[in-house]
Protein chains: 2
Amino acid sequence: MKSRYLKLETRKEEIIRVAAKLFKEKGYSAVTMRDLAGEMGIKAASLYNHINSKQDILDTIIISLAEEFTEGMRLIQSSKQNCIGKLKQIIQLHIRISSQNIYGMASLNNDWMHLKEKRSYYKKLRSDYEDDFRGILKDGIVSSEIVDLNPEVMMFSILTTLRSLYIWIPKKEDLNLEELSSALNQILIEGINK
Amino acid sequence: MKSRYLKLETRKEEIIRVAAKLFKEKGYSAVTMRDLAGEMGIKAASLYNHINSKQDILDTIIISLAEEFTEGMRLIQSSKQNCIGKLKQIIQLHIRISSQNIYGMASLNNDWMHLKEKRSYYKKLRSDYEDDFRGILKDGIVSSEIVDLNPEVMMFSILTTLRSLYIWIPKKEDLNLEELSSALNQILIEGINK
DNA sequence: CATATAAACTAACAATTGTTAGTTTGGTAA
DNA sequence: TTACCAAACTAACAATTGTTAGTTTATATG
């Protein structure tokens, strides 16, 4: 048996990574198994030695990311911080996950509707995440940490910005993640901070 | 000849409108001409009495919207206002166009990569738009109207929020556009306003 | 009535799709 | 050597794709 213990990435993981890159460029539906195989330097049929189906690749990409966000939010919720502190941690969370998985984030944002069995599970995770986010904002309003504006609009504004980081981070290699984090903290938070 | 003078919408326009709705739900690539025909209550081949190709539908949806944004920015630029005034008008512009064409905005955001001959033209329009936007922010920094933060991050934050309005507006029928406009003005502008 | 036209239809096409079956290759372990 | 196995291959499939050709239907105009 070929030893994988020293290897960083299995062949399967490599396929999923390359698939995510193609999905970002053209979207899940427009990427064919022959496109993916071509990018891997093999024939389409050979992919099936490693993966079960095209659908499976998408499921893996999206669900693993969604669960990562869920786990991140869980940790933030369980920490004893005020509203602003939690918001800053959410920004950090999005920057970290997005920068580590630029390609996958595109699928998470744009191709979740092509999930099948996993679709309702994904929607549950997303909905719970937004509920937590909204809760943090509402607490902040009650405790007068943030301005008393429609929490739905505040969440929408912050969250869509964070969800789009994957589009933007790769274009700005000169700006490091520390600077980005600092700038976003100011722009997104100070704005709603009393 | 059947009189169209009194009609609000030609059959072609109806097809394009329905197509945009389907494109929003599943993305351009995943929508088949049979899907579209089914939604119109006719057979796929019948669509071709009205439209030239599937590609043509996408081109029409995206380019007309992109040109609408370009024209809007042109008017804002030619008006004699300060930075903040222009930013508020940009917010208005996005709310107006997005609310009038919820479905088309999805294609503009997610399916532009499936343009063919029109792709470079689209990218030119978008790039020019962003240059104008950036210019307004830079002027605002020089004139001390807005805080001296990375204009790229500021533009990214505001613009991604505005570009995602189409996702969000239809879910919030209780919130009228006046309220939305007012809330966004506060959240997006006051935040960067000194 | 005769004609024209908008707008639907049926039938079919060539290409492309995801996937399967069965086979070959090359390296590793016994 | 021998056996094994991961990972590639060729060939093919049934279904689906966008689109074309030719025809029918219904309505409106002269």
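Numbered from 1 within each chain, the chains take letters A, B, ... in sequence-line order.
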In whole Å, what is the span from the [atom1] atom of [X] to the [atom2] atom of [N]?
X       : N      : atom1 : atom2 : result
A/Gln55 : C/dT17 : CD    : P     : 17 Å
A/Glu9  : D/dA7  : CD    : P     : 13 Å
A/Ile51 : C/dT19 : CD1   : P     : 7 Å
A/Leu47 : D/dA7  : CG    : C1'   : 11 Å
B/Lys54 : D/dT17 : NZ    : C1'   : 9 Å

Can you name the nearest heavy-atom pair linking B/Thr161 to A/Thr161, along with the distance?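 The answer is OG1-OG1, 3.1 Å.
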Write out all pairs satisfying salt bridge (Lys or Arg N to Asp or Glu O under 4.0 Å) with one or both partners inside [range], taking only residues at least two apart or from two chains.
range                       : result
residues 57-68 of chain A   : A/Glu68-A/Arg96
residues 47-56 of chain A   : none
residues 102-111 of chain B : none

Pull out every protein N or O sitting under 3.5 Å from an N or O of nucleotides 13-15 of chain C, one pair per line with the distance.
none

Residues in side-chain hydrogen bond (donor to acceptor under 3.5 Å, both in side chains) contact with A/Tyr129, at least two apart in sequence or another chain: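 By the side-chain hydrogen bond (donor to acceptor under 3.5 Å, both in side chains) rule, A/Tyr129 matches A/His94.
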Quick one: salt bridge (charged side-chain N to carboxylate O under 4.0 Å, His left out) partners of A/Asp131, sequence neighbours excluded?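 Here the qualifying residues are A/Arg134.
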Could you list by number each residue of residues 17-33 of chain B showing a heavy-atom separation from DNA chain C of less than 4.0 Å, or answer none if no residue does?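 Per residue number, the list is empty: none.
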Distances for protein N or O near nucleotides 8-11 of chain D N or O, under 3.5 Å:
from	atom 1	to	atom 2	distance (Å)
D/dA8	OP1	A/Arg11	NE	2.9
D/dA8	OP1	A/Arg11	NH2	2.8
D/dA8	OP2	A/Arg11	NE	3.4
D/dA8	OP2	A/His50	NE2	2.6
D/dA8	N7	A/Asn49	ND2	2.3
D/dC9	OP2	A/Lys43	N	2.5
D/dC9	OP2	A/Ser46	OG	2.9

Per the side-chain contact (heavy atoms from CB on, under 4.5 Å) rule, which among A/Asp132, A/Asp128, A/Leu125 passes with A/Met73?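 Only match with A/Met73 under side-chain contact (heavy atoms from CB on, under 4.5 Å): A/Asp132.
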With sequence neighbours excluded, give me every ring-ring contact (aromatic ring centres under 6.0 Å, His included) pair touching residues 168-190 of chain B.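 Qualifying pairs: A/Phe156-B/Trp168.
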Ignoring hydrogens and angles, write down the donor-acceptor pairs under 3.5 Å from the side chains of residues 41-48 of chain B, residues two or more places apart or on other chains.
none

With A/Tyr122 via ring pair (Phe, Tyr, Trp, His ring centres under 6.0 Å) - residues at least two apart: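 Only A/Trp112 meet the ring pair (Phe, Tyr, Trp, His ring centres under 6.0 Å) criterion with A/Tyr122.
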Pairs flagged by side chain to side chain donor-acceptor pair (under 3.5 Å) wherever residues 21-31 of chain B is involved - sequence neighbours left out: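 For residues 21-31 of chain B: B/Lys21-B/Glu39, B/Lys26-B/Asp35, B/Ser29-B/His114.
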